[in-house]
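The structure under discussion appears below in the form of structure tokens.
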Amino acid sequence: MTHSITTPRADSVPPPRKAKLPRGVWSMAFTELWERYSFYGLQGILSFYLLYSLADGGLEVAPAAAAGIVGAYGGAVYLAQVIGAWFGDRLVAPKLMVLFGAIVIMAGHIVLAFAKGLGGLGIGLVLIVIGTGALKTNITSIVGFLVEGRPQQERDVSFSYFYMAINIGAVVGPLTTGWVQNEYGFHWGFGLAAVGMAGALVQYLVSWKKLPERASVVNNPLPRNKYPVFAGAAVFGLLVLGGAIWSGMLRAENLASTTTILALLAAAAYFITMCTSRSVTRDERNRVLAYLPLFLFSGIYFGLLFQKFTAISILITERINLQIGDWTFPVAWITTVSPLAAVLITPLIAKLWNSMGSRQPSPVTKFGMGLVQIGCAYLFLLIISQATGDAFIPLALILLFMAMAGSSEVFVGPIGLSVATQIGPKSFKSQMVGLNFLTLALGSSLSGLLGQLFAAIESPAYFSIVSATGLVLGAVLIIARKPLGRWLSSGQ
């Protein structure tokens, strides 16, 4: 039976209401945009600051050591976010954690802008690691508070704009700092990143009074009788770290391996805690165990992807001619192609999945597709590096490689987050998301180890190993998609 739209019945369904952004989401989105602008603006030029000669404004660090520093820095940033999330949940209100983080990050960029040499670099990077750990997860929690109790449509729209801001910052940051570095030098690029972080701080302070009340409250405060235990553990950790640095056990060459071990230990703690908890059912435990190979393969995938900051940066300095007539192509723009390709292809892939509906590939298959694609990208790089011999690799071909590798992320990054939120035990939902983010820490530190391997062996052998890794692991997941998929959906 049909009804005229001019005579609606009382029981007719009203047209869907356009989702509105809750008050404060735009402010958090712009704060995050500027924070990501500064973070990726720095990361886009950091590798080349370490690798370039003193005459070109760099530090002329050996390639293996440079790869270790960059990989360890990226891994430490993601590990610090796990610690920052704990602080925001147990000790300090998220609202204050974000403010502290913004100030410390800005201070780190200012140090990098004005302090020269490895000493200034170390201080600046440590400050950024601490600040990012405090800010990143807690600002996401505040967005969650802002949309709490809202319809799912409004929640989805709010987080879509929030993540859009992240992607914009990730692309625009390296584009601008890379241009400034190209024209005026590295420290001017670091200074521009500091200006971006200052913008984030100003935006956050403007919205300070509009933040939800929950942002000012410690959600799960640590009992006061546990304070001495926490303080003792913190002091012990700092003493161990200081002793390792002072004794020479912790050096630039082994920073990446140390961070990789820490990421694996943190992940093991997550898995053991969830699998041994009495509050976790048998089906939930099966799903967590089924996620283990996806976690490891995802970490390896990001290790291959993040080589744009380590091994590929070394390759660029050695084999790419950046001169286009009288103009020098900004070196940071090369690595920017990777996230830009991911941003551009995401709507197309999302539309494809939507049109396929229930016929779309399973999450395990999508993981496998991402690994196969990045394996193919490195196979392409192997072919063009061999075909050019000892000559320069054409700039257009390395940009094409970056696009191929970067666009593969759409099959792994968002899918991993979706799987983690779906299969996580009821009592460990947030911990499951934290575990998923550890794949980024593992991948970043692993990219440092791969960069050191690249500096130690011939590039054809290296690219053969990396390409085969992606292709083989991707094929393994595609072959095992049905049993692994059943375990992931156990009890659902």
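- For Thr336 (side chain) and Ala332 (main-chain N/O), a donor-acceptor pair under 3.5 Å exists by modelled atom type.
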(request) Evaluate the side chain to side chain contact (heavy atoms under 4.5 Å, CB included) criterion for residues Leu294 and Leu484: first the C-alpha distance (whole Å), next the side-chain angles of each, then the deciding distance (0.1 Å), finally the verdict. (result) CA-CA 9 Å; Leu294 290 185; Leu484 197 54; 4.3 Å; yes
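- Taking the ring centroids of Tyr301 and Phe367, they lie at or beyond the 6.0 Å cut-off.
- Of all heavy-atom pairs spanning Gly75 and Ser444, the tightest one is N-OG, 3.1 Å.
- Here the two rings, on Phe30 and Trp34, have centers that are 6.0 Å apart or farther.
- Side-chain atoms of Ile45 and Pro174, non-hydrogen and from C-beta on, never get closer than 4.5 Å to each other.
- A distance of 11.0 Å separates CZ in Phe87 from CG in Asn138, rounded to the nearest 0.5 Å.
- Thr177 places a side-chain N or O within donor-acceptor distance of the main-chain N or O of Gly41, the cut-off being under 3.5 Å.
- No donor-acceptor pair closer than 3.5 Å links the side chain of Thr365 to the backbone N or O of Pro361.
- For the pair Tyr204/Ile142, a side-chain contact is recorded, criterion being any heavy-atom separation below 4.5 Å from C-beta on.
- Test Leu51, Val70, Leu46 against Ser313 for side chain to side chain contact (heavy atoms under 4.5 Å, CB included) and you get one pass: Leu51.
- Note: Leu42 CG to Tyr73 OH = 4.5 Å, rounded to the nearest 0.5 Å.
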(request) Could you check Tyr49 against Val61 for side chain to side chain contact (heavy atoms under 4.5 Å, CB included), going step by step and ending with a plain yes or no? (result) CA-CA 9 Å; Tyr49 178 56; Val61 175; over 6 Å; no
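- For the atom pair OG1 of Thr439 and CZ of Phe302, the computed distance is 5.0 Å after rounding to the nearest 0.5 Å.
- A heavy-atom distance below 4.5 Å is found between the side chains of Leu201 and Ile103.
- To the nearest 0.5 Å, atom OG of residue Ser279 and atom CD of residue Glu284 are 7.5 Å apart.
- Ring-plane geometry between Phe309 and Phe306 is classed as tilted, the angle between the planes lying from 30 to 60 degrees on a 0 to 90 degree scale.
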(request) Could you please spell out the steps behind the side chain to side chain contact (heavy atoms under 4.5 Å, CB included) verdict for Leu453 and Leu449? (result) CA-CA 6 Å; Leu453 178 62; Leu449 295 178; over 6 Å; no
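- Using a 4.5 Å cut-off on side-chain heavy atoms (C-beta onward), Trp208 and Lys95 make contact.
- Heavy-atom minimum distance, Ala290 versus Trp487: CB-CB, 3.5 Å.
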Can I get a per-line list of side-chain donor-acceptor pairs under 3.5 Å for residues 371-381, giving both atom names and the distance, sequence neighbours left out?
from: Gln373; atom 1: NE2; to: Met404; atom 2: O; distance (Å): 2.8
from: Gln373; atom 1: NE2; to: Ser407; atom 2: OG; distance (Å): 2.8
from: Tyr378; atom 1: OH; to: Leu304; atom 2: O; distance (Å): 2.7
from: Tyr378; atom 1: OH; to: Gln307; atom 2: NE2; distance (Å): 3.0

(message) Glu32 vs Lys136, test: salt bridge (Lys or Arg N to Asp or Glu O under 4.0 Å). Steps then yes/no.
(response) CA-CA 8 Å; Glu32 180 67 356; Lys136 196 73 175 70; 2.8 Å; yes
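- Contact detail for Ser447 and Gly303: the closest heavy-atom pair is CB-O, 3.5 Å.
- The heavy-atom pair separating Leu255 from Ile69 by the smallest distance is CD1-CG1, 4.3 Å.
- The structure places CD1 of Ile261 at 5.5 Å from OG of Ser257, a figure rounded to the nearest 0.5 Å.
- The nearest pair of heavy atoms linking Met402 to Ile312 is CE-CG2, 3.4 Å.
- Ser338 places no side-chain N or O within donor-acceptor distance of the main-chain N or O of Thr335, the cut-off being under 3.5 Å.
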(message) side chain to side chain contact (heavy atoms under 4.5 Å, CB included), that's the test. Do Val82 and Phe437 meet it? Break it down for me.
(response) CA-CA 8 Å; Val82 177; Phe437 279 119; 5.9 Å; no
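- Annotation: side chain of Leu289 is not in contact with side chain of Met274 (no heavy-atom distance under 4.5 Å).
- A heavy-atom distance below 4.5 Å is found between the side chains of Gln81 and Thr132.
- Proximity of the aromatic rings of Phe454 and Phe463 is defined here by a centroid distance below 6.0 angstrom, and this criterion is met.
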(request) Could you check Ser445 against Thr259 for side chain to side chain donor-acceptor pair (under 3.5 Å), going step by step and ending with a plain yes or no? (result) CA-CA 6 Å; Ser445 55; Thr259 310; 5.8 Å; no
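- The closest side-chain heavy-atom distance from Ser277 to Val280 is below 4.5 Å.
- Atoms CG and CD1, on Leu112 and Ile123 in that order, are 10.0 Å from each other to the nearest 0.5 Å.
- With sequence neighbours excluded, the residues satisfying ring-ring contact (aromatic ring centres under 6.0 Å, His included) with Phe295 are Phe271.
- Not a single donor-acceptor pair under 3.5 Å links the side chain of Arg481 to the backbone N or O of Val364.
- Contact check for Ile139 versus Glu35: no side-chain heavy atoms found under the 4.5 Å cut-off.
- Considering all non-hydrogen atoms of both residues, Leu488 and Arg287 come closest at O-CD, 3.0 Å.
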